[in-house]
Asker: 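This structure is in structure tokens; I'll ask about it shortly.
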Amino acid sequence: MTNPRKVLEIDGRSIGGDGFAMIAGPCTVESREQTLEIADAVAAGGASMLRGGAYKPRTSPYSFQGLGREGLEILREAKERTGLPVVTELIDVRDVDDVAAVADVIQVGARNMQNYALLTEIGKSDCAVLIKRGLAATLEELVMAAEYVLKEGNERVILCERGIRTHETAYRFTLDLLAVPALKELSDLPVVVDPSHAPGRRDWVESMSLAAAAAGADGIIVEVHNDPDSAICDGPQALPAESFSGYADRVRRVAEIAGKDLPVPAALI
Ligand code: PEP
Ligand code: MN
């Protein structure tokens, strides 16, 4: 039995219920030019929100950690220019006000899904939050992470399946698409799928996106780059910006079959 769905309004876009969100953009905000170029491409292709990390949780402490506040300013400019709401990650509770000032949706990454201090602080804000499933988290644990935010009075929570660690080594993570119907049984919150991080390579991203839409996801959060070969982070899985419009159109068609609505971009009408 599926619960009645909660519908969230994010700057005029609805997610949950019939509304399908297409969240697209770079893994990482690398520069003003890179981010604005990608933002323009995804806006023209019909994205409903822009993603991009200014603070990046990296496996190695010696890897690029993100542009920080400078990255947030770039996202603010991208939002003003395209009108797209911004989804960006918060990794440190000390940055909550800075990130919430720019973000329409705060992303809690897989590595921070059980950072309860971070979740509690976000719960005190009125900013929407997208919580990614931890690398080894059960769905029950993901739903409990959401409860930390809800308990503080912030009801604007989105759940995200992004792949889990299993014994399989043929790809980065195992994308658990059964999480979509299962989470809908456990919770009334919108459920989106990240089809980028599990395959780790772009030629498998579209099929996982279509499958996610068919499974009833309320949206997709996908990585797109204007020059994937030179991306600082996650280049091999980034969709080239020029292919985004065709990709979004195909995902839209499957989402429609699954009973969802993603507005067609003005340029294509
Ligand atoms: C990301 O979205 O770029 C990211 C770091 O995701 P995750 O937390 O799912 O690894
Ligand atoms: Mn990434």
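When a ligand or atom number is given, it counts from 1 through the structure's own listing order.
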Asker: Give the residue, atom name and distance (to 0.1 Å) of the protein heavy atom nearest atom 9 (O) of ligand 1.
Answerer: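 Residue, atom and distance for the closest contact: Arg162 NE, 2.7 Å.
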
Asker: Can you pull out the closest protein heavy atom to atom 8 (O) of ligand 1? Residue, atom name and distance to 0.1 Å, please.
Answerer: Ala110 N, 2.8 Å

Asker: Short list, please: which atoms of ligand 1 are under 4.0 Å from a heavy atom of Gly109?
Answerer: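 Answer, ordered by atom number: 8 (O).
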
Asker: Examine all N, O or S atoms of Cys233, backbone included, and report whether one is under 2.8 Å from the Mn ion (ligand 2).
Answerer: no

Asker: Are Ile91 and Phe64 in one and the same hydrophobic cluster, where Ile, Leu, Val, Met, Phe, Trp and Tyr link if side-chain heavy atoms are under 4.5 Å apart?
Answerer: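 Same hydrophobic cluster.
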
Asker: I'd like to know if Arg133 and Glu161 make a salt bridge, using a cut-off of under 4.0 Å between side-chain N and carboxylate O.
Answerer: yes

Asker: Starting from atom 4 (C) of ligand 1, which protein heavy atom do you reach first, and at what distance in Å?
Answerer: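 Among all protein heavy atoms, the one nearest atom 4 (C) of ligand 1 is His197 NE2, 3.6 Å.
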
Asker: Which single N/O/S atom of Glu223 lies at minimum distance from the Mn ion (ligand 2)?
Answerer: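 Nearest N/O/S atom: OE2.
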
Asker: Would you call the rings of Tyr116 and Tyr148 parallel, tilted or perpendicular, taking 30° and 60° as the class edges?
Answerer: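 It falls in the parallel class, under 30°.
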
Asker: If you measure every N or O of Arg51 against every N or O of ligand 1, does any of those distances drop under 3.5 Å?
Answerer: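 Right, the criterion is met.
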
Asker: If you measure from the Lys or Arg side-chain nitrogens to the Asp or Glu carboxylate oxygens, is any gap between Asp176 and Arg162 under 4.0 Å?
Answerer: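 Salt bridge absent between Asp176 and Arg162.
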
Asker: Using a strict cut-off of less than 4.0 Å between a Lys/Arg side-chain nitrogen and an Asp/Glu carboxylate oxygen, indicate whether Asp126 and Arg156 qualify as a salt bridge.
Answerer: no

Asker: So, is Arg111 polar-close to ligand 1, with some N/O to N/O distance under 3.5 Å?
Answerer: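 Such a contact does occur with ligand 1.
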
Asker: Just give me the atom name: the N, O or S atom of Asp234 closest to the Mn ion (ligand 2).
Answerer: OD2

Asker: Give the residue and atom name of whichever protein heavy atom lies nearest to atom 6 (O) of ligand 1, and the separation in Å to one decimal.
Answerer: Lys132 NZ, 2.9 Å

Asker: Can any side-chain N or O of Glu141 pair as donor or acceptor with the backbone N or O of Thr138 at less than 3.5 Å?
Answerer: yes

Asker: Between ligand 1 and Cys27, can you find any atom pair, the residue atom being a heavy atom, that is separated by under 4.0 Å?
Answerer: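 Flag set, Cys27 near ligand 1.
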
Asker: Using a 3.5 Å cut-off on N or O atoms only, is Gln107 in polar contact with ligand 1?
Answerer: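 Min N/O separation from ligand 1 is below 3.5 Å for Gln107.
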
Asker: With a 4.0 Å cut-off on N to O distance, would you call Lys184 and Asp218 a salt bridge?
Answerer: yes

Asker: Could you list who else is in Val105's hydrophobic cluster, with ILVMFWY side chains joined at under 4.5 Å, directly or through other members?
Answerer: Leu8, Ile10, Ile15, Ile23, Met49, Val87, Leu130, Ile158, Val192, Ile221

Asker: Closer than 4.0 angstrom, basic N to acidic O: yes or no for Glu73 and Arg76?
Answerer: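 Result for this pair is yes, salt bridge flagged.
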
Asker: Relative to the heavy atoms of Lys56, which atoms of ligand 1 are at a distance of less than 4.0 Å?
Answerer: 1 (C), 3 (O), 5 (C)

